[in-house]
Amino acid sequence: MKQWNGLLKKEWLSMNGQFIATIVASVLFIVLFPFGSNFFNFGLDAMQVSLIMSLIWMVASMFIPTIILLISLGREMHRPDIWLHSKAPIYKMFGSKAVFGVLVGAVNLVIPLVAIIIGSRFSNYPFELTFKVAVQVSGYLFIPFFSLRC
């Protein structure tokens with residue numbers, strides 16, 4: 001367990017910039033872009049655009065774990081001594097990178113899910129989305145995709 005904690009901490013220290021960048025991009029894409037589109041008068045309400053952008057970001061965030069994993073592996077391919085001289089088995093080293101990528105992807109799925117729940121409360125749509133239904137739908141749609149990606 002100490003090896004996992006150490007490997008995950010090492011992964012966090014080397015990849016926390018990408019994690020923060022995806023969170024900032026998520027907030028910009030879901031919150032600021034729809035309200036900024038009101039200046040161009042597309043004829044859509046900001047909440048409608050925010051709901052659409054949230055769904056688009058949820059689909060795009062399915063690819064984030066793979067991208068994070070490839071970036072992390074690419075950084076360490078220039079340093080084979082990390083892989084060859086470590087006492088941790090290769091499956092733990094690769095697994096920590098995969099787990100970190102999945103955690104980043106899961107956080108990037110939660111942000112649009114919260115935005116959809118909040119947006120459904122304040123929009124003019126006739127449906128009312130409860131938290132239980134939103135979690136069920138997102139689970140049915142995205143857990144199989146996550147299991148195929150990782």
Side-chain angles (χ1 to χ4, degrees), residues 1-40 42 44 46-121 123 129 131-150:
M1 191 65 181
K2 288 182 181 182
Q3 277 184 340
W4 276 104
N5 291 339
L7 288 170
L8 284 173
K9 186 182 286 187
K10 178 181 118 353
E11 196 66 29
W12 168 255
L13 291 174
S14 67
M15 297 294 288
N16 64 357
Q18 280 75 15
F19 176 73
I20 293 169
T22 58
I23 298 300
V24 169
S26 175
V27 170
L28 287 175
F29 197 72
I30 294 170
V31 177
L32 293 181
F33 182 73
F35 291 108
S37 68
N38 282 340
F39 294 119
F40 298 111
F42 290 130
L44 295 173
M47 285 301 204
Q48 292 173 344
V49 175
S50 179
L51 290 173
I52 293 167
M53 292 297 164
S54 295
L55 292 173
I56 291 171
W57 187 260
M58 287 179 90
V59 171
S61 67
M62 288 188 307
F63 300 104
I64 288 176
T66 305
I67 293 168
I68 293 288
L69 177 66
L70 291 175
I71 289 171
S72 178
L73 287 173
R75 282 187 175 179
E76 290 189 0
M77 282 300 163
H78 301 292
R79 303 263 329 260
D81 58 322
I82 294 174
W83 293 84
L84 296 174
H85 299 293
S86 176
K87 293 182 181 181
I90 193 78
Y91 69 89
K92 282 186 181 178
M93 294 175 72
F94 186 80
S96 68
K97 294 178 182 315
V99 166
F100 183 77
V102 168
L103 289 175
V104 171
V107 168
N108 277 291
L109 281 176
V110 168
I111 292 171
L113 180 66
V114 170
I116 287 173
I117 291 171
I118 292 171
S120 69
R121 297 287 181 203
S123 71
L129 188 65
F131 182 74
K132 180 180 176 183
V133 172
V135 169
Q136 285 177 344
V137 169
S138 64
Y140 291 146
L141 291 177
F142 294 109
I143 288 175
F145 289 119
F146 258 120
S147 63
L148 291 175
R149 284 269 169 232
C150 294

- Query: Can you name the residues that form a side-chain contact (heavy atoms from CB on, under 4.5 Å) with Leu32, not counting sequence neighbours?
  - Reply: Leu28
Partners passing side-chain hydrogen bond (donor to acceptor under 3.5 Å, both in side chains) against [X] (at least two apart in sequence or in another chain):
{"X": "Lys92", "value": "Gln3"}
{"X": "Glu11", "value": "Ser72, Lys97"}
{"X": "Ser26", "value": "Trp57"}

Could you tell me the separation between the [atom1] atom of [X] and the [atom2] atom of [Y], rounded to the nearest 0.5 Å?
{"X": "Ile30", "Y": "Leu55", "atom1": "CD1", "atom2": "CG", "value": "9.5 Å"}
{"X": "Phe100", "Y": "Lys10", "atom1": "CZ", "atom2": "NZ", "value": "11.0 Å"}
{"X": "Ile23", "Y": "Ile20", "atom1": "CD1", "atom2": "CD1", "value": "9.0 Å"}

Check: residues 101-117 side-chain donor-acceptor pairs under 3.5 Å, at least two apart:
residue	atom	partner	partner atom	Å
Asn108	ND2	Thr22	OG1	3.1
Asn108	ND2	Val104	O	2.9

- Task: Could you tell me whether the side chain of Arg75 and the main chain of Met15 form a donor-acceptor pair under 3.5 Å?
- Result: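 Looks like no, no N/O pair under 3.5 Å.
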Could you pull out the closest heavy-atom pair between [X] and [Y], with the gap in Å?
{"X": "Ser96", "Y": "Leu8", "value": "O-CD2, 3.6 Å"}
{"X": "Met62", "Y": "Pro65", "value": "O-CD, 3.5 Å"}
{"X": "Phe29", "Y": "Phe33", "value": "O-CB, 3.7 Å"}

- Item | Partner residues of Trp4 under the ring pair (Phe, Tyr, Trp, His ring centres under 6.0 Å) criterion, sequence neighbours left out | none
- Message: Check the orientation of Phe19 and Trp12. Use parallel for under 30°, tilted for 30 to 60°, and perpendicular for over 60°.
- Response: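 Judged by the thresholds at 30° and 60°, the geometry between Phe19 and Trp12 is perpendicular.
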